[in-house]
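To keep things clear, I will list the structure first and then write my remarks on it.
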Amino acid sequence: MKYVLMFVETEQFAKEFAAMSADERERAYQRVYQWFDDHADKIRGGHKLQEPHTATTVRLDGPTPVTTDGPFIEGKEVISGYTEIDVADLDEALRMTRDWPGCPVVEIRPVQS
């Protein structure tokens, strides 16, 4: 079964990460790279996303489309990246995310076939 894991950064996480030294940030990145290596047989794709201010939002819920720069809401959490996985079931996806060393929230969503 295919799922998308959406990695969600919180404001607190972003502040703590920014406060790290270059060496601490490098160690944090190495833990993330290792996680991807450890699960490479299940990962089918994905990417880190650019910063939220680079987003363009198109709202289609009014009489005419409205396009704005930036994320569609001002939130304390933003999706910072995603990866697609192919696993047996939700339980396996949950096991994978339990040792995710990056941002503090991972949303797991099935891919519609």
Can Glu26 and Gln30 be counted as having a side-chain donor-acceptor contact under 3.5 angstrom?
yes
The ring-ring contact (aromatic ring centres under 6.0 Å, His included) partners of Tyr33 (sequence neighbours excluded) come to none
List the steps, then state whether side chain to side chain contact (heavy atoms under 4.5 Å, CB included) holds for Arg31 with Asp99.
CA-CA 10 Å; Arg31 288 190 300 273; Asp99 63 352; over 6 Å; no
Could you grab the distance from atom [atom1] of [X] to atom [atom2] of [Y], nearest 0.5 Å is fine?
X: Asp86; Y: Glu84; atom1: CG; atom2: CD; result: 7.5 Å
X: Met6; Y: Ser80; atom1: CE; atom2: OG; result: 11.5 Å
X: Gln12; Y: Phe17; atom1: CD; atom2: CZ; result: 14.0 Å
X: Ile85; Y: Met1; atom1: CD1; atom2: CE; result: 10.5 Å
X: Arg95; Y: Lys42; atom1: CZ; atom2: NZ; result: 9.0 Å
X: Ile79; Y: Lys48; atom1: CD1; atom2: NZ; result: 11.5 Å

Determine, stepwise, if the pair Glu92 / Lys2 fulfils salt bridge (charged side-chain N to carboxylate O under 4.0 Å, His left out).
CA-CA 11 Å; Glu92 187 174 3; Lys2 290 185 179 174; over 6 Å; no
If we only count heavy atoms from C-beta on, is the Val87 to Asp89 side-chain gap below 4.5 Å?
no
Are Leu5 and Leu94 connected into the same hydrophobic cluster when the rule is that any two of I, L, V, M, F, W, Y join if their side-chain heavy atoms are below 4.5 Å apart?
yes
Is there a chain of hydrophobic side chains (I, L, V, M, F, W, Y, each step under 4.5 Å between heavy atoms) that links Tyr82 to Ile43?
no
Closest non-hydrogen atoms of Thr83 and Gly45, given as atom of the first, atom of the second and distance, are OG1-O, 2.6 Å
Atom of Pro65, atom of Val58 and distance for their closest heavy-atom approach
CB-CG1, 4.3 Å
Is there a donor-acceptor contact under 3.5 Å from the side chain of [X] to the main chain of [Y]?
X: Glu16; Y: Phe13; value: no
X: Arg109; Y: Val4; value: no
X: Thr10; Y: Glu77; value: no
X: Tyr3; Y: Leu90; value: yes
X: Trp35; Y: Met96; value: yes

Go through it in stages, so that I can follow the logic: the residues are Asp69 and Thr56, the test is side chain to side chain contact (heavy atoms under 4.5 Å, CB included), and I'd like the CA-CA distance, side-chain angles, deciding distance and then a yes or no.
CA-CA 5 Å; Asp69 292 335; Thr56 300; 4.3 Å; yes
Taking everything shown except Phe36 itself, do over 12 heavy atoms lie less than 6.0 Å from its CZ?
yes
Whether Phe7 and Trp100 hold their rings parallel, tilted or perpendicular, with breakpoints at 30° and 60°:
parallel
